[in-house]
Amino acid sequence: MKIEYTLFHKDKKTNARYGEIKTNYGTYETPIFMPVGTQATVKTLSPEEIKQMHAGIILSNTYHLWLRPGADIVKKAGGLHKFINYDGPILTDSGGFQVFSLAKPKDISEEGVEFKSHINGDKLFLTPEKSIEIQNKLDSDIAMCFDECPPYPVTHEYMQKSVERTIRWAKRCKEAHKNSNQSLFGIVQGGEFADLRKYSAEETVKIDFDGYSIGGTSVGEDKNTMYKMIDYAVKYLPSNKARYLMGVGEPTDILEGVERGIDMFDCVLPTRLARHGHAFTRMGKINLKNAKYKEDFSPIDNSCDCYACQNYTKAYIRHLIVAKETFGQRLISIHNLRFLIKLTEEIRQAIKEDRFLEYKTNFLDKYR
RNA sequence: GCGGAUAUGGUGAAGUGGUUAACACAUUGGAUUGUGGUUCCAACAUGCGUGGGUUCGAUUCCCACUAUCCGUC
């Protein structure tokens with residue numbers, strides 16, 4: 001079956017909403033944060049550890065899995081869930097963002113995008129139909145439309161052409177998508193332009209997808225611009241479908257997104273920061289490599305219930321990171337992901353009790 | 001004991017008779033938002049073993065001393 005979104009409660013003072021998403025692999029409350037596992041693994045972590053931190057949906061990636069090991073191999077394995085031994089829901093990104101972010105140089109035409117593999121330089125051609133075909137083979141629960149994610153900033157003229165093309169591609173994605181067990185999300189683009197966000201949202205909604213996401217954020221714009229991009233788009237999205245803000249994962253931005261009516265977030269930040277020794281705490285982000293933690297035998301965050309905080313000290317984790325031991329990367333990854341997941345748990349509770357703004361203010365008061 | 005060589009920041013190591021003494025590692029900060037896990041940026045020797053001398057000026061030339069290394073007895 002397709003996923004089903006149910007809205008339970010809307011905050012009285014803001015657009016924040018509490019709901020749930022029913023999937024073939026369980027039901028999950030929203031707002032939700034989704035860990036990213038680009039290459040069919042959340043870097044450094046096992047599926048068991050992902051489950052232990054009460055994660056719901058995880059992400060994987062069309063582009064990366066297409067190049068390696070190849071969609072057919074995943075299909076032969078019995079689909080992504082079996083291949084990676086994860087029995088929770090999986091969302092696959094379409095490859096649109098990767099084409100933009102790492103497969104340069106690229107040549108965008110109406111048919112699709114020609115670019116070079118970042119692995120071996122192979123000439124590749126990705127189209128909406130191809131992306132959907134790959135995602136079908138991967139057998140994820142939620143597939144994303146193949147879109148163009150233009151850099152920031154770009155002229156209104158360019159963005160308009162890009163948005164129109166992304167809408168035509170969205171139609172082709174919908175047309176190519178036949179899998180009744182897989183949901184398909186449309187993506188709203190339009191950069192920082194209010195009129196284009198509106199146009200993109202309205203046209204994408206007309207095509208009728210199982211959920212909608214806001215793309216083209218966190219590509220270098222400042223935070224206020226990003227919040228405006230959300231505002232411009234979200235008001236044209238139907239309230240009975242899930243809304244997904246792509247690539248956003250700073251605690252501050254999650255709160256701002258939730259306030260504006262976003263249900264789903266994903267971000268590489270918690271795991272990437274972890275690999276570089278940075279950890280989220282209630283008081284803000286800290287750099288565990290800092291010399292001041294050499295003899296700090298307290299956990300990363302006293303109030304955290306994660307495996308790392310229950311068992312290990314800053315001094316030890318700092319040593320592991322400085323010594324480039326992967327166990328350190330794992331411990332902080334576990335902590336950072338759990339931190340964001342717990343944040344969304346608390347957000348949901350706050351929305352239920354109509355005190356989201358109060359919660360947000362309290363959180364931001366201490367954070368940073 | 002004799003002969004020879006070398007002495008540059010935490011480490012390895014460039015370099016020059018004259019403005020800011022390369023670079024790398026380490027260290028210390030910072031960055032990172034639909035992940036190219038090993039990335040990027042920045043700071044870091046007021047001084048070139050010690051003491052004299054030559055020179056307008058010496059880390060660079062000369063002398064002594066000290067230390068280290070090699071050879072030799």
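Below, read A as the first sequence line, B as the second, and so on, with proteins coming before strands; counting in each chain starts at 1.
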Practice prompt. With a 4.0 Å heavy-atom cut-off, tell me which residues in residues 31-48 of chain A come close to RNA chain B, sorted by residue number.
Written response: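 Nucleic-acid contacts, sorted: A:Val36, A:Thr38, A:Lys43.
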Only counting residues at least two apart or in another chain, list the ones meeting ring-ring contact (aromatic ring centres under 6.0 Å, His included) with A:Tyr236.
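With neighbours one apart ignored, the set is empty.
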[X] side chain, from C-beta outward: closest of [options]:
| X | options | answer |
| --- | --- | --- |
| A:Val268 | B:G37, B:G30, B:G34 | B:G34 |
| A:Thr326 | B:G34, B:G37, B:G29 | B:G37 |
| A:Gln329 | B:G34, B:U38, B:U27 | B:U38 |

- [ ] Answer yes or no: is there a donor N or O on one side and an acceptor on the other, between the side chain of A:Lys289 and the main chain of A:Tyr293, under 3.5 Å?
- [x]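 Such a contact is absent between A:Lys289 side chain and A:Tyr293 backbone.
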Would you be so kind as to tabulate the donor-acceptor pairs closer than 3.5 Å made by side chains of residues 60-71 of chain A, with sequence neighbours excluded?
{"unit_1": "A:Ser60", "atom_1": "OG", "unit_2": "A:Gly37", "atom_2": "O", "d": "3.0"}
{"unit_1": "A:Ser60", "atom_1": "OG", "unit_2": "A:Thr38", "atom_2": "O", "d": "3.3"}
{"unit_1": "A:Ser60", "atom_1": "OG", "unit_2": "A:Ala40", "atom_2": "N", "d": "3.4"}
{"unit_1": "A:Asn61", "atom_1": "OD1", "unit_2": "A:Tyr63", "atom_2": "N", "d": "2.8"}
{"unit_1": "A:Asn61", "atom_1": "OD1", "unit_2": "A:His64", "atom_2": "N", "d": "3.2"}
{"unit_1": "A:Asn61", "atom_1": "ND2", "unit_2": "A:Gln98", "atom_2": "OE1", "d": "3.1"}
{"unit_1": "A:Thr62", "atom_1": "OG1", "unit_2": "A:Asp93", "atom_2": "O", "d": "2.4"}
{"unit_1": "A:Tyr63", "atom_1": "OH", "unit_2": "A:His118", "atom_2": "N", "d": "3.4"}
{"unit_1": "A:Tyr63", "atom_1": "OH", "unit_2": "A:His118", "atom_2": "ND1", "d": "2.7"}

Would you please name every residue forming a side-chain contact (heavy atoms from CB on, under 4.5 Å) with [X], sequence neighbours left out?
| X | answer |
| --- | --- |
| A:His276 | A:Arg272, A:His278 |
| A:Val219 | A:Phe97, A:Phe100, A:Cys149, A:Tyr152, A:Glu221 |
| A:Lys13 | A:Asp11, A:Leu357 |
| A:Pro299 | A:Asn302, A:Cys309 |

Suppose you measure atom P in B:U68 against the same atom in B:U8; what distance do you get, rounded to whole Å?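 Taking atom P in both B:U68 and B:U8, they lie 14 Å apart.
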With both pairing distances under 3.5 angstrom for Watson-Crick or G-U wobble, and | for a partner in another strand, the correct string for RNA chain B is ((((((((.[[[..)..(....]]].(((((.......))))).....[[[[[..)....]]]]]))))))).
Query raised in the report: Got a sec, which residues hit side-chain hydrogen bond (donor to acceptor under 3.5 Å, both in side chains) with A:Asn224, two or more places apart in sequence or on another chain?
Result: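 With neighbours one apart ignored, the set is empty.
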Review point. Taking the hydrophobic residues Ile, Leu, Val, Met, Phe, Trp and Tyr, and joining any pair whose side-chain heavy atoms are under 4.5 Å apart, which ones share a cluster with A:Ile73?
Key: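 None, because no other hydrophobic side chain comes under 4.5 Å of this residue.
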Q: Classify the side chain of A:Asp147 versus the base of B:G34 as yes if they form a donor-acceptor pair under 3.5 Å and no if they do not.
A: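 Counting by modelled atom types and ignoring angles, a donor-acceptor contact under 3.5 Å is found here.
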Rounding to an integer number of Å, can you tell me how far [X] [atom1] sits from [N] [atom2]?
| X | N | atom1 | atom2 | answer |
| --- | --- | --- | --- | --- |
| A:Ile262 | B:G34 | CD1 | C1' | 13 Å |
| A:Asp93 | B:U33 | CG | C1' | 13 Å |
| A:Met226 | B:U32 | CE | P | 12 Å |

(message) So A:Asp266, base contact, sugar-phosphate only, or nothing? Heavy-atom distance under 4.0 Å.
(response)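 A:Asp266: backbone/sugar contact only, no base atoms under 4.0 Å.
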Taking only N/O atoms, report every protein-nucleotides 39-41 of chain B pair under 3.5 Å with atom names and distance.
none

Practice task
Write out all pairs satisfying ring pair (Phe, Tyr, Trp, His ring centres under 6.0 Å) with one or both partners inside residues 184-224 of chain A, taking only residues at least two apart or from two chains.
Solution key: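 Ring pair (Phe, Tyr, Trp, His ring centres under 6.0 Å) check on residues 184-224 of chain A returns A:His156-A:Phe193.
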### Least distance between heavy atoms, A:Ile90 atom then A:Ser140 atom
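So the minimum-distance heavy-atom pair works out to O-CB, 3.5 Å.
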